[in-house]
Amino acid sequence: MSLLASLSLPLLRKMDPETAHELALDALQMGVSVPVNRPKDDPALATRTMGMRFSNPLGIAAGFDKNARVIRPLAKLGFGFVEAGTVTPRPQAGNPKPRLFRLMEDRAVINRMGFNNQGIDRFAVRLARLHRPLPSGRGAGAGVPIGANLGINKTGADPERDYPALVARVKPYVNYIVLNVSSPNTPGLRGLQDSARLRSILDAIAERHPERPPLLVKLAPDLENDAVGPIVEAAIAGGAQGLIVTNTTLARPATLLSPNKTESGGLSGRPLRTRATEMLRLVAEASAGRMALISCGGIESGADVLDRIRLGADLVQFYAAFSYEGPAILARLKQEMLDRMRADGVETLADIRGVDL
């Protein structure tokens, strides 16, 4: 079924990217090419972090399912965890269209979506529905850990008020929560990564929610290297359990070939790999095993996944590669990981985590 879904990609690529994305969400929601039963993962791919077991370390990054419409179908495709959002307190139209661009020659994407979403009310209702008993009588939930990615509105935002309020709405239904303070498409948002401001937001959440799921902070790849250490320390002091490294970048590598390279917005996909890897090393060294780390950016192969784990990542996420290759990428990545692990005599992911630091 994943292969059939992937075979439809050439047709989707003839469409406007945002239209194609919406059609893909509609198809998943209707169950098109979604297996009845989730593929069973090889035990060698299992990992534990943040008090949870993940049958594999592959997650779908925030931005694909902004409104929590297709969490269960994505889990059935074989992702080890699913992150929905970014969601904001109030519904938001986002930036003017066109705002999503393929860079085919670079296997990359540029977006300036601007946190377009239906708001926390509808998002929370969908999360609550995941916990209702299924008609089949089987247990509720997605079958894998799920996360909620939280952001603030473009206007009228008060981060110390809004993030705790968003946490209140999602914490009964998710396994972890992410604070998005690093999207390049909301004016002023990246300023919230400043160590003092981040600590203020985390303190506000801790005061209102002494009990909650693990909290992670998503960082930008465009931070100065010497800013990483203070941000990591602020996150730890504020009670965060993990970091996602990284969001999209405003940088434009000289190697880009696509005519769309001049579009404004956040760049993701293959060109982000080098900086995402460098940022992971910086964050892993600064955190020194004190936080869970999720690596995101430029992941396209099983070797990429294992390389990030060797640099200290507990889990990985991707989105651009999924949009280019479709659901078949999941089986490919898992098999490539297993082949390399067996060739190297590696029994579990825990055996190699952080060995390249």
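Bear in mind that the values here come from a model prediction, so they are computed numbers and not experimental data. Position 1 is the first residue of the sequence; numbering continues from there.
Side-chain contact between Asn185 and Asn111 is present, with heavy atoms from C-beta onward closer than 4.5 Å. Within the 4.5 Å cutoff, no side-chain heavy atoms of Ser295 are placed close to those of Leu311. With a 4.5 Å cut-off on side-chain heavy atoms, Ile236 and Met291 count as touching. Side chains of Lys334 and Asn56 form a contact here, defined as non-hydrogen atoms less than 4.5 Å apart. Residues Glu263 and Ile110 form a side-chain contact, since some pair of their non-hydrogen atoms from C-beta on lies under 4.5 Å apart. Using a 4.5 Å cut-off on side-chain heavy atoms (C-beta onward), Leu45 and Ser55 make no contact. In this structure, the side chains of Asp203 and Glu160 stay at 4.5 Å or more apart for every pair of heavy atoms. Residues Leu293 and Ser287 have side chains in contact (heavy-atom distance under 4.5 Å, counting atoms from C-beta outward).
Atom CD of Glu22 has more than 12 neighbouring heavy atoms from other residues, nucleotides or ligands inside a 6.0 Å radius. More than 12 heavy atoms of other residues, nucleotides or ligands shown are found within 6.0 angstrom of CZ on Arg107.
Under a 3.5 Å cut-off, the side chain of Tyr173 and the backbone N or O of Arg126 do not form any donor-acceptor pair. Within the 3.5 Å criterion, the main-chain N or O of Cys296 finds no donor-acceptor partner in the side chain of Gln317. Between the side chain of Arg169 and the backbone N or O of Ala124, no donor-acceptor pair lies under 3.5 Å. At least one donor-acceptor pair under 3.5 Å links the side chain of Asn117 to the backbone N or O of Gly119.
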Steps toward salt bridge (charged side-chain N to carboxylate O under 4.0 Å, His left out) verdict (Arg273, Asp304):
CA-CA 9 Å; Arg273 177 189 296 150; Asp304 290 335; 3.5 Å; yes
Checking Glu211 against Lys171 for the salt bridge (charged side-chain N to carboxylate O under 4.0 Å, His left out) test, could you report, in this order, the C-alpha distance in whole Å, the side-chain angles of both residues, the deciding distance, and whether it holds?
CA-CA 9 Å; Glu211 294 185 6; Lys171 73 176 187 179; over 6 Å; no
Could you walk me through whether Ile177 and Leu150 pass side-chain contact (heavy atoms from CB on, under 4.5 Å), step by step?
CA-CA 7 Å; Ile177 297 169; Leu150 311 179; 3.5 Å; yes
For salt bridge (charged side-chain N to carboxylate O under 4.0 Å, His left out), just list the numbers for Arg332 and Glu336, CA-CA rounded to whole Å, side-chain angles, deciding distance to a tenth of an Å, and then say yes or no.
CA-CA 6 Å; Arg332 178 175 68 80; Glu336 289 175 357; 2.9 Å; yes
Please step through salt bridge (charged side-chain N to carboxylate O under 4.0 Å, His left out) for the pair Asp42 and Arg342, ending with a clear verdict.
CA-CA 12 Å; Asp42 191 301; Arg342 288 164 182 158; 3.1 Å; yes
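When ring centroids are compared, Phe79 and Phe54 stay outside the 6.0 Å threshold.
Transitive grouping of hydrophobic side chains (ILVMFWY, heavy atoms separated by less than 4.5 Å) brings Phe318 and Val144 into a common cluster.
The CG atom of Asn175 lies 5.5 Å from the CE atom of Met52; values are rounded to the nearest 0.5 Å.
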